[in-house]
Every structure is written in structure tokens, then in C-alpha cells.
Amino acid sequence: MIRMRLLTRGRRLLLLPAAVLVVLGVSACGADGAPGDDATGDSDGGSITVFAAASLKEPFTALAEQFEDAHPGAEVTLNFAGSSDLATQLVEGAPADVFASADESTMESVRRAELLDGEPITFATNTLQLAVPPDNPAGIASLDDAARPGVKTVVCAVQVPCGAAAARVEEATDVELTPVSEESSVTDVLGKVSSGEADAGLVYVTDVRAAGEAVLGIALPEAADVVNSYPIAALTGSQESGAARDFVDFVVGDDGRAVLEAAGFGAP
Amino acid sequence: MELTAVRLPRWVLVLAAVGALFVVLPLVAMALRVDWPHFVPLVTSESARAALLLSLRTSLAATALCVVFGVPMALVLARTSFRGQRILRSLVLLPLVLPPVVGGIALLYTFGRRGLLGGTLETLGVDIAFSTTAVVLSQAFVALPFLVLSLEGALRTVGTRYEAVGATLGASRWTVLRRVTLPLVLPALVSGAVLSFARALGEFGATLTFAGSLEGTTRTLPLEIYLQRETDPDAAVALSLILVVVAILVVGAAHRVRPLGGPATARPPAPAVRRAAGAP
């Protein structure tokens with residue numbers, strides 16, 4: 001008797017994962033079967049996944065909404081992370097339709113994996129600025145101030161795009177910073193500054209703007225020549241290549257330009 | 001007498017096998033990706049050595065902190081009873097289940113320059129921001145529950161019988177603690193310390209949030225792996241493997257000290273008691 005009951009319970013337990021798989025499979029089919037995957041022209045619908053650099057979070061969230069309004073039936077899923085992270089995920093086979101990177105070398109690594117559908121298009125640029133806590137306790141007014149001994153300055157590590165840009169700024173201005181920390185992402189640099197742990201941090205102009213009142217931006221005219229370019233491209237793995245290309249056109253076009261400019265991005 | 005194996009339903013074995021594969025397969029997959037010809041140069045680069053050395057130093061310091069504060073905490077939780085003890089125990093164990101980044105934020109608001117104690121520490125001339133001390137604090141924060149948990153469990157298992165005998169025979173509180181209680185739970189203390197060390201070695205989120213990342217000062221091995229992954233995945237994989245090997249050694253050591261369900265903690269303490277009683 002007891003044996004019997006155990007067995008049935010066992011069967012039921014086994015059914016649970018099976019049921020989950022069935023549900024997942026059905027929903028995946030639903031996504032695949034969505035209409036409107038013609039190769040050219042304005043597609044009416046289609047669900048696309050956009051992998052975008054973390055610094056694009058605000059403008060791309062707005063752009064995705066506008067795109068959905070302009071293309072009835074279209075659905076844009078956004079995935080924001082560090083560009084290098086996203087590139088690694090793409091190369092390892094993550095399903096996505098569009099990739100927007102914060103620098104060209106990261107896009108290049110995706111191109112080398114032969115995942116790009118067409119040439120990448122540069123759609124925005126970004127420059128660096130010093131972020132300081134709102135009350136600016138160390139009295140930072142220039143890059144030289146950030147290099148003073150005793151000032152806790154935080155930068156990105158050279159392995160990530162914002163750190164590579166910071167190194168180029170140092171080179172261009174001949175100022176040598178002695179950072180107390182080299183963070184893995186611009187978000188971490190901003191966090192250290194807005195919490196008051198650091199006196200200054202070298203971040204993108206757009207990050208300072210997006211942070212609102214949490215930090216104060218100190219413009220660096222001497223760093224104006226160090227420009228990060230943001231390329232965007234549709235991906236070959238896309239099931240909705242029409243919608244993917246439409247989204248790229250939308251970002252590169254006037255609507256995209258306006259939103260990006262409002263977020264502080266420069267023209268390509 | 002040989003213990004006859006309990007016959008389990010077959011589906012239990014199947015699910016157990018799937019579960020085991022789920023844990024083991026990713027490690028195998030990672031080992032397969034290691035660039036063996038370049039393994040040694042990858043893991044002995046200057047930044048890798050600095051990170052490993054820093055990790056070992058800070059983890060040892062954090063383990064020491066855990067022992068110094070964790071042993072009294074476990075004793076208080078296991079041997080006394082007071083109002084709110086259950087709540088206190090839950091709070092102490094909280095870092096175990098808390099996402100480390102949350103721990104980092106909490107530490108920032110406590111020991112940070114603008115944190116609860118930041119002003120006081122600054123007056124005392126202590127500057128924790130971006131220092132190795134911040135790393136040790138992060139590691140101790142997440143590792144402490146491991147020691148408290150394993151030691152408290154052992155203390156409850158061995159019970160108070162031998163301690164009571166020691167006390168009746170005239171041993172002072174300190175003598176009972178030193179000659180009876182601690183020797184009884186020594187295996188659990190060692191395995192708890194080893195687990196704390198392992199947890200400290202793997203600490204990532206709280207360190208990243210609270211301490212920063214600078215080679216030789218705050219960039220521990222997990223942070224180095226996270227950073228290398230951006231540009232040099234081969235180095236990241238090689239260093240990851242080092243951490244896996246260290247983790248396996250550590251977990252193996254912890255289990256040797258206290259076989260699961262084994263009677264190691266219940267060793268008869270008679271000689272200890274006798275000596276305790278004989279002590280002045």
C-alpha cells in the first residue's frame with residue numbers, strides 16, 4: 001500500500017518539470033510564430049531582443065517605446081549590461097536581434113564571430129566628465145585637482161570601454177591620476193562617487209546627466225577630443241531580421257537622434 | 001556489521017543524478033575551456049599573483065575575525081537563553097542568505113566615509129574607504145554565519161552534561177570553557193573556520209560594492225577574474241579553475257575534520273574532564 005502511494009507521488013513529481021517544459025515550449029512557439037518577418041520594408045510586428053550597453057539604458061528604453069508605438073504589434077525586449085559582457089553572451093550563442101555597443105572594439109569582437117547582419121552604424125558619441133559628490137568635499141574643479149595627492153579618485157579599469165577612454169584622457173592631457181580604485185563598470189564608479197566614498201570619478205557625460213542630483217559634473221574641455229563611438233548593428237541570428245533592421249534605422253534616424261541628444265549623447 | 005543499503009525508488013536516483021550533473025557539468029565545461037598550454041603563464045602573471053596573495057591574506061584575516069567574534073556568539077546562542085534570542089539568531093545568520101551586494105551597501109552605510117560610524121572613524125584617524133581593511137570587513141561579514149552556525153549546532157549536539165560535571169568538580173567557568181567545551185567542539189570549530197575561509201575567499205559582491213578594486217590593495221581573486229573576463233577570457237577561466245581547486249580542497253578538508261553525521265563531535269571527553277577537575 002505504502003509502496004503504491006510513494007510511486008504515484010513519484011510520478012506526479014516527475015510530471016511537474018514536464019509540465020513546466022511544455023508551458024515553456026508553447027510560449028516559445030508563440031514568440032516564433034509572430035507575424036511580420038518580411039526581410040525588407042516597414043514590418044508591422046515581430047518581437048525583437050536588443051542587447052545594449054548599460055549607458056544606453058534611458059534613451060533606449062524611451063526609443064523602444066516609441067518604436068512600439070510606431071510599429072503596431074512590434075515588441076522590443078531590452079537587455080542592458082556592460083558592452084563586453086553582452087558581446088561575450090552573443091558570441092556564446094545568446095539569442096538577440098540587435099546589438100548596440102559602447103565602443104567599436106567590442107562591436108569588432110562580435111563581427112569577428114560573424115554575427116553581424118550588415119555593417120555596424122555609429123549612432124552616438126560620448127565624452128568623459130568628472131563626477132563629484134554634490135557638495136564637492138575635495139573642491140575639485142579640474143582634472144589636475146583629481147590628480148592631487150590625498151584626493152580619492154576612482155576610474156574604470158582599462159579593460160572596459162570607459163577605462164580605456166580614461167587612459168586616453170590621461171594621455172591627451174598629460175595628467176597622471178593615481179586612482180584609489182579601478183572599477184569594472186561605470187555604474188560602480190558612479191556608485192562610489194554618489195555615496196561619497198570617492199571624491200571624484202571619471203565617467204561619461206551621459207552618466208552624470210542620468211544620475212541627476214546624486215552627483216555634480218565637472219566639464220573637462222581638455223578631454224573633449226577623447227570620444228567614444230557607439231555602433232549599432234542587426235544580428236544574423238535574428239528570426240525577425242526585418243524588424244531588427246527597422247529598429248536599427250529608427251535609432252540611427254531623426255527620432256533616435258532627438259532622444260539620444262536629450263540624454264547627452266553627441267552626434268556621430 | 002555491514003549496513004545494508006536502503007533501496008530507494010528509482011526516480012529518486014534519476015533526479016539525484018540530474019542534480020549532481022547540474023553541479024558537476026559546469027565545472028567540467030569550464031575545465032574543458034582552459035587554455036592548458038598557457039595555463040601556467042596565465043595564472044602566474046603579476047596581477048594574478050597579486051590577486052591570489054591578497055585573497056589569501058584577507059581571507060585569513062577575515063577567518064581570524066570570525067573565530068574571535070564567532071566563537072563567543074555561538075556560545076551565547078547555544079548556552080544561554082534570553083528574550084529575542086531567536087530573532088537575534090536569525091539576524092546573525094542573515095548574511096548567509098543576503099545577496100552580497102546588499103551586504104556591501106549595508107557596510108558602506110556603516111563604515112563608509114558618510115556612514116553611521118564614518119565620522120567617528122575619521123576622527124580616530126581610521127580611513128577604511130578603498131583599503132584592504134574594507135575587504136577584510138566585507139569577507140568577515142559574509143563568512144561569520146558559517147562559523148556561528150556550525151559551532152552552535154555542535155555545541156547543542158554535545159549537550160551540557162560534561163560541562164556540568166566539570167563545574168560540579170570545582171572547575172571555574174573559564175576552565176570548563178577551555179578544558180571541556182572547546183575541546184569537545186574543536187572539530188566543528190575547525191570545519192567552521194575552514195568554511196568561513198572558503199566563503200571569504202569567494203567573496204565578491206560586497207567587496208566590489210564596498211571596497212573597490214585596485215591591484216594589490218582591494219582586487220581579490222574573484223574581482224580579478226571578473227575584470228579579466230572583459231578582455232582575456234582565457235585568463236579568467238584559468239584563474240577560476242584555481243579557485244575551484246582551492247574550494248574543493250577546502251570543502252574536502254572541512255568534511256575530513258567532521259564526517260557528515262559522524263560521531264567526531266561526540267568523542268568522550270573523560271580525560272579532559274578529569275584534568276579540568278584536577279586543575280586549581
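Only a predicted model underlies this, so the values are computations on that prediction, with no experimental measurement involved. Letters A, B, ... mirror the listed sequences (proteins, then strands); counts begin at 1.
Listed here is the closest heavy atom pair of A/P133 and B/R114: CB-NH2, 3.8 Å. Nearest approach of B/F130 to A/E197, heavy atoms of both residues: CE1-O, 3.4 Å.
At a heavy-atom cut-off of under 4.5 Å, chain B is reached by A/P179, A/V180, A/S181, A/E182, A/E183, A/S184, A/D188 from residues 168-188 of chain A, listed in order of number.
Contacts between A/V154 and chain B at a heavy-atom distance below 4.5 Å involve the side chain alone, from C-beta outward. Residue contact with chain A, scored on non-hydrogen atoms closer than 4.5 Å, is absent for B/R10. Contact annotation for A/A198: both backbone and side-chain heavy atoms come within less than 4.5 Å of a heavy atom of chain B. Heavy atoms closer than 4.5 Å to chain A are found in the side chain of B/Q228, but not in its backbone.
Residue pairs meeting the ring-ring contact (aromatic ring centres under 6.0 Å, His included) criterion with at least one partner in residues 121-152 of chain A, sequence neighbours excluded, are A/F60-A/F123. Here salt bridge (charged side-chain N to carboxylate O under 4.0 Å, His left out) pairs that include residues 29-43 of chain B, with residues two or more places apart or in two chains, are A/E92-B/R33. Among pairs with a residue in residues 211-247 of chain B, those fulfilling ring-ring contact (aromatic ring centres under 6.0 Å, His included) read B/F204-B/Y226, at least two apart in sequence or across chains.
A donor-acceptor contact shorter than 3.5 Å links the side chain of A/K192 to the backbone of B/T209.
When B/D232, B/L208, B/T218, B/T217 are compared by the number of non-hydrogen pairs under 4.5 Å with chain A, B/L208 comes out ahead. For the options B/S213, B/G118, B/P233, B/G112, heavy-atom pairs under 4.5 Å to chain A are most numerous at B/S213.
B/Y109 OH: 12 or fewer foreign heavy atoms inside a 6.0 Å radius. The number of heavy-atom neighbours closer than 6.0 Å to CD1 of B/I87, taken from other residues, nucleotides and ligands shown, is 12 or below. Within a 6.0 Å sphere centred on CD of A/Q159, heavy atoms belonging to other residues, nucleotides or ligands number more than 12.
In this structure, A/P137 and B/R113 have side chains that are not in contact, with every pair of non-hydrogen atoms separated by 4.5 Å or more.
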